[in-house]
Amino acid sequence: MSEKIVDVAAGLILRPDGMLLLGQRPEGKPWSGWWELPGGKLEPGETVLEALARELQEELGIRVTQSRPWVTYVHVYPHTTVRLAFCHVTAWEGEPRGLENQRLEWVDPAHAASVGDLLPATLPPLRWLQLPTTYGISSMGSRAGVAAFLGRLDAALARGVKLVQFREPQWPDGAGAASLHEVLQQVVKRCRAAGARVLVNSAHPTAWWKEADGVHLRAADAARLTERPPLPKDALLGVSAHNNAEVVHARELGADFAVLGPVLDTASHPGAATLGWEGFVAGNRDAGIPVFALGGQSTSTLSLALRHGAHGIAGIRGIL
């Protein structure tokens, strides 16, 4: 890695219809002809959001009125290392124009490569955009709670929940394991019918992970690993974390996202120590992957979580 790290603010300018703005690097610049997210280097004394607003005014002629931090990611190019602070830009004044002779295109993030070659550092945020912003966690406890849970799950799926963690550490041992496996199969079937994905918590047998859409590692289980566990090609890997070191370890394992908390008080752990939003921001520093806020979260805290750099929220009661 080169000694000097260049700090860059990069904007994901998203229209209400979900289309994303990309710009093509003009002739005469390194990587000319390649497509990237608009933005540029921070100047001394600027915050990330200040730099982004200035760059987008200079590059595109728009005035940013609403933006928020998202994921900070370090990328090593052959001749330079950049620390990219990716931010969401959700409101602006004016129509973007290529003021630096760059071509602009609005693209579907899932098919962005259709415009041409994408800069390598542009690929991760396009992948992260496919992750939903709410992550529901199951809590049935025993067979007696299954029917009510499935009802809540169906209602959540109807509301648009697209990511669910199957996590039942309190389920009775012995013969109950077989019945829990049957419940998992029901949950997977219902979620897939609704276009949602299910991750199995690492408290449960490894064989179950591949029946779902990936695994969610408990922090202690992640700590024992030095590389990403073997999973099918499109499977997701989530990791629980309680501090910045565990978030960084999740990134080193090749996790698709981390869940950091508890941020606020929860009904399940009253009086337990919490991070608060400042602690969440500190834990999420230079994460390099999307991080969900966990603990006391619900649809009413989602906008607050996003403003503090969370990808979204994870929870039991507030989501499922």
Side-chain angles (χ1 to χ4, degrees), residues 12 14-20 68 70-71 86 88 90 107-112 123-140 148-168 183-202 204 208-217 231-240 250 254-261 263 287 289-295 297-306 309-320:
L12 289 99
L14 286 155
R15 291 194 317 212
D17 62 1
M19 298 294 272
L20 174 74
R68 55 181 169 82
W70 184 33
V71 179
F86 293 112
H88 279 270
T90 49
V107 300
D108 175 350
H111 303 103
L123 299 174
L126 295 174
R127 190 172 67 246
W128 301 331
L129 279 177
Q130 309 310 311
L131 276 176
T133 54
T134 53
Y135 183 26
I137 302 169
S138 76
S139 182
M140 289 169 267
F149 170 76
L150 291 176
R152 293 195 303 275
L153 175 64
D154 287 342
L157 294 171
R159 288 196 306 272
V161 168
K162 294 295 184 191
L163 189 61
V164 173
Q165 182 187 153
F166 188 83
R167 177 185 175 276
E168 298 297 329
V183 177
L184 169 64
Q185 291 169 332
Q186 287 189 59
V187 169
V188 169
K189 183 178 179 183
R190 288 171 190 238
C191 286
R192 289 196 173 150
R197 290 183 283 185
V198 180
L199 303 191
V200 175
N201 187 275
S202 57
H204 302 304
W208 295 7
W209 304 356
K210 292 175 183 175
E211 295 180 30
D213 301 290
V215 61
H216 186 103
L217 296 175
L231 293 168
K233 178 173 173 285
D234 294 323
L236 289 174
L237 173 62
V239 175
S240 289
D256 295 285
F257 64 89
V259 172
L260 177 63
V263 179
I289 52 175
V291 177
F292 289 83
L294 174 74
Q297 304 302 310
S298 68
T299 49
S300 64
T301 63
L302 177 58
S303 62
L304 186 60
L306 296 177
H311 175 78
I313 55 169
I316 298 172
R317 292 163 190 79
I319 297 172
L320 297 182

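The structure presented is a predicted model; accordingly, all values stated were derived computationally and were not measured. Just the heavy atoms: all of them, side chains too, but no hydrogens, waters or symmetry mates, feed the values below.
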task = Not counting sequence neighbours, which residues clear side chain to side chain donor-acceptor pair (under 3.5 Å) with Ser298? List them please.
result = Ser300

note = His88 meets the ring pair (Phe, Tyr, Trp, His ring centres under 6.0 Å) criterion, sequence neighbours left out, with Trp70

note = Nearest heavy-atom contact between Ala293 and Val263 is CB-CG2, 4.0 Å

key: Working for side-chain contact (heavy atoms from CB on, under 4.5 Å), residues Phe166 and Val188   = CA-CA 9 Å; Phe166 188 83; Val188 169; over 6 Å; no

task = May I ask you to decide if Arg167's main-chain N or O and Ser138's side chain share a donor-acceptor pair within less than 3.5 Å?
result = yes

query = Can you tell if the side chain of Pro125 reaches within under 4.5 Å of the side chain of Leu12, non-hydrogen atoms only?
reply = yes

Stepwise side-chain contact (heavy atoms from CB on, under 4.5 Å) check, Ile313 with Leu306 = CA-CA 8 Å; Ile313 55 169; Leu306 296 177; over 6 Å; no

remark   = CD1 (Ile319) and OH (Tyr135) are apart, to the nearest 0.5 Å, by 10.5 Å

query = Got a second to check how far Leu131's CG is from Lys162's NZ, nearest 0.5 Å?
reply = 14.0 Å

request  = Could you pull out the closest heavy-atom pair between Leu302 and Gly312, with the gap in Å?
outcome  = CD1-CA, 4.1 Å

Heavy-atom closest pair, residues Ala112 and Leu126 = CB-CD1, 3.7 Å

request  = Could you please spell out the steps behind the side-chain contact (heavy atoms from CB on, under 4.5 Å) verdict for Val161 and Cys191?
outcome  = CA-CA 9 Å; Val161 168; Cys191 286; over 6 Å; no

request  = Supply the atom-to-atom distance His216 NE2 to Ile137 CD1, rounded to the nearest 0.5 angstrom.
outcome  = 6.5 Å

request  = Output all residues satisfying side chain to side chain contact (heavy atoms under 4.5 Å, CB included) with Pro124, sequence neighbours left out; order by chain, then residue number.
outcome  = Tyr73, Arg127, Trp128

note = Minimal heavy-atom distance between Gly238 and Leu199, with the atoms involved, is N-CD1, 4.1 Å

Residues in side chain to side chain contact (heavy atoms under 4.5 Å, CB included) contact with Ala287, at least two apart in sequence or another chain = Val247, Asn284, Val291

ask   = Does Asp234 have any salt bridge (Lys or Arg N to Asp or Glu O under 4.0 Å) partners at least two apart in sequence or in another chain, and if so, which?
value = none

message = What verdict does the side-chain contact (heavy atoms from CB on, under 4.5 Å) test give for Glu211 and Val200, after you've listed the backbone C-alpha separation in whole Å, the side-chain angles of each residue and the deciding distance to 0.1 Å?
response = CA-CA 9 Å; Glu211 295 180 30; Val200 175; over 6 Å; no

ask   = What are the two closest heavy atoms between Gln297 and Ala305, and how far apart are they?
value = OE1-CB, 4.2 Å

inquiry  = Is any side-chain heavy atom of Leu14 closer than 4.5 Å to one of Met19?
reply    = no

inquiry  = Can you tell me how far apart CD (Gln165) and CG (Leu236) are? Round to the nearest 0.5 Å.
reply    = 12.0 Å

Heavy-atom closest contact (Leu231 atom, Trp209 atom, distance) = CD2-CE3, 4.1 Å

remark   = Distance col, row Ile316:CD1 vs Leu294:CG, nearest 0.5 angstrom, shows 7.5 Å

request  = State the CG-CG distance between Asp213 and Leu237, to the nearest 0.5 angstrom.
outcome  = 13.0 Å

note = Ala250 meets the side chain to side chain contact (heavy atoms under 4.5 Å, CB included) criterion, sequence neighbours left out, with Val239, Ala255, Ala258, Ile289

request  = Indicate yes or no for a side-chain donor-acceptor contact from His311 to the backbone of Pro132 under 3.5 Å, with no hydrogens or angles considered.
outcome  = yes

